[in-house]
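Each remark here refers to the structure printed beneath this line.
Being a predicted model, the structure only gives us computed values, none of them experimental. Here is the naming used below: chain letters follow the sequence lines, and residue numbers restart at 1 for every chain.
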Number of protein chains: 2
Amino acid sequence: MKVTTREARSVNPIARQSLPDAIAVELRERILNGEFKDGDPIVQEAIAEEYEVSRMPVREALRQLEGQGLVALKTHKGAIVTSMKKEKVSELFDLRALLECDILARALPHFGPSDAAAAQDFLNQLEGAYQRRDTAEWGKLNWQFHRSLYLPANRPETLSVLEGINIQVERFIRVQLVMTGAVAAAEREHRDLLSLCTERNPTAVDYLRKHILDAAKLPSSISA
Amino acid sequence: MKVTTREARSVNPIARQSLPDAIAVELRERILNGEFKDGDPIVQEAIAEEYEVSRMPVREALRQLEGQGLVALKTHKGAIVTSMKKEKVSELFDLRALLECDILARALPHFGPSDAAAAQDFLNQLEGAYQRRDTAEWGKLNWQFHRSLYLPANRPETLSVLEGINIQVERFIRVQLVMTGAVAAAEREHRDLLSLCTERNPTAVDYLRKHILDAAKLPSSISA
DNA sequence: CTACTGTAGATTGGATCCAGTTGGCCTGTC
DNA sequence: GACAGGCCAACTGGATCCAATCTACAGTAG
């Protein structure tokens with residue numbers, strides 16, 4: 001029911017993200033990479049100097065990361081990277097299973113050929129990233145692939161919540177990627193999952209649940 | 001090991017919240033109240049002047065509210081209050097049902113007398129707020145009560161997600177409070193729910209689901 | 001030797017200042 | 001009279017400056 005919204009998304013909105021957004025992306029990447037670990041403090045001035053900006057955009061970036069649960073801000077004490085204990089990881093994967101199964105069940109009846117094509121596209125890129133051992137790219141694409149399966153459900157709020165959860169989970173997944181050989185299995189599962197979705201087979205939901213919960217229990221914890 | 005550390009955790013850490021936090025709380029309240037409605041712009045300078053502070057803490061407060069999904073920030077265009085369409089409300093209540101039922105099921109086996117007492121306390125306050133027609137307080141206490149039922153599950157991440165959802169839903173609930181007489185029913189349901197939890201009756205979960213989904217479908221939308 | 005205290009350096013919090021963008025209004029021209 | 005283009009006010013984005021707070025260390029008293 002699109003009504004020709006103005007939406008100047010013609011070609012490229014020139015990608016004009018503000019400095020705080022850009023810095024937030026940068027810092028998030030470094031946290032997900034593991035460059036900043038558990039209790040590490042993130043000093044405003046150090047970051048500001050590093051990117052040759054003032055401390056202000058850094059402060060706003062940290063606020064954003066706080067909202068995403070990646071850092072904790074204490075007044076007059078600065079930002080420290082939040083912990084990633086195994087109970088937390090376990091709970092986050094449980095949440096993923098609960099929410100992603102629910103939304104997939106809602107998406108299945110509306111899953112069409114164009115959706116399948118989009119998902120397949122991500123799947124191909126995913127394989128490429130795996131072969132290049134590009135963990136950062138793999139993590140992003142993994143979520144993009146999953147997301148593409150859920151898009152037909154037309155549930156923006158659920159997707160938004162899931163996006164937040166996946167950002168956190170990514171810190172864990174990246175470690176998995178280098179630690180285990182389970183990724184090949186994941187790729188196969190992804191293909192199977194897409195097949196089931198394409199034929200709108202309701203067992204896709206159960207398959208997805210298993211896929212998510214299996215991924216949760218490989219290593220014991222991201223950090224000692 | 002230091003034993004004689006100051007240990008200022010005695011009773012009250014003086015609750016020192018920073019200016020951005022305080023302003024965020026204030027603005028959130030005004031958005032939930034409906035003082036700022038759907039597409040309303042929130043001008044940094046106006047807010048800053050109003051609270052007699054500079055624009056900077058306001059900017060950080062707006063970042064926080066953005067993270068909670070209450071406002072949308074566009075570069076060089078400022079902040080506008082996010083919309084609250086009925087599909088969104090409906091989806092948020094579905095999410096509540098899904099997540100709160102799951103967490104309640106996990107909490108029930110650990111639900112003890114002290115938990116019941118805490119919940120009962122919130123219930124009493126809730127009734128008082130209702131009689132005073134204090135919608136702001138009622139909304140907060142409603143969540144506090146629900147939360148107290150879920151605490152024994154020991155699932156901080158799920159609670160965190162639910163907290164975010166409930167903040168958004170509160171905008172809707174407050175309108176309900178003045179528009180419908182369904183609150184008395186909600187109070188009765190709360191008492192029944194607490195009884196079921198106290199005796200660890202598994203049907204509490206189904207009762208909760210009905211309680212949440214019923215609340216969702218009273219008015220059609222918060223704003224035209 | 002231990003425990004408290006005061007001071008200095010580092011770091012964050014907040015205010016003020018300047019630059020860049022947006023959007024509306026106004027004028028000039030066809 | 002209508003439309004294009006430029007100008008101006010309002011607002012946001014970012015930088016710099018000052019104040020408040022925390023931490024660590026050293027000095028001193030018991």
Take the protein atom CD1 of Ile80(A) and the nucleotide atom C1' of dC22(D), then report the distance between them rounded to whole Å.
15 Å
For the residue pair His190(A) and Phe145(A), categorise the inter-ring angle as parallel (less than 30°), tilted (30 to 60°) or perpendicular (more than 60°).
tilted
Whichever of Lys77(A) and Gly78(B) has the more 5' nearest nucleotide on DNA chain D, that residue is Gly78(B)
Glu26(A) with Arg30(A): basic N within carboxylate O range, under 4.0 Å:
no
Applying side-chain hydrogen bond (donor to acceptor under 3.5 Å, both in side chains) to Glu45(B) and not counting sequence neighbours gives none
Check this for me, if you would: do Arg63(A) and Glu66(A) make a salt bridge, where the nitrogen-to-carboxylate-oxygen distance has to be below 4.0 angstrom?
yes
Applying side-chain hydrogen bond (donor to acceptor under 3.5 Å, both in side chains), can you list everything that pairs with Glu127(B), at least two apart in sequence or on another chain?
Arg191(B)
Check whether any side-chain N or O of Lys74(A) sits under 4.0 Å from OP1 or OP2 of dT12(C), and answer yes or no.
no
Between dT12(D), dG14(D), dC22(D), spot the one nearest the side chain of His76(B), thanks.
dT12(D)
Any carboxylate oxygen within less than 4.0 angstrom of a Lys/Arg side-chain nitrogen, looking at Glu29(B) and Lys140(B)?
yes
How would you label the contact of Ile42(B) with the nucleic acid (heavy atoms, under 4.0 Å): base, sugar-phosphate, or nothing?
sugar-phosphate
In residues 43-61 of chain B, what residues come within less than 4.0 Å of DNA chain D, judged by heavy atoms?
Val43(B), Gln44(B), Glu45(B), Arg55(B), Met56(B), Arg59(B)
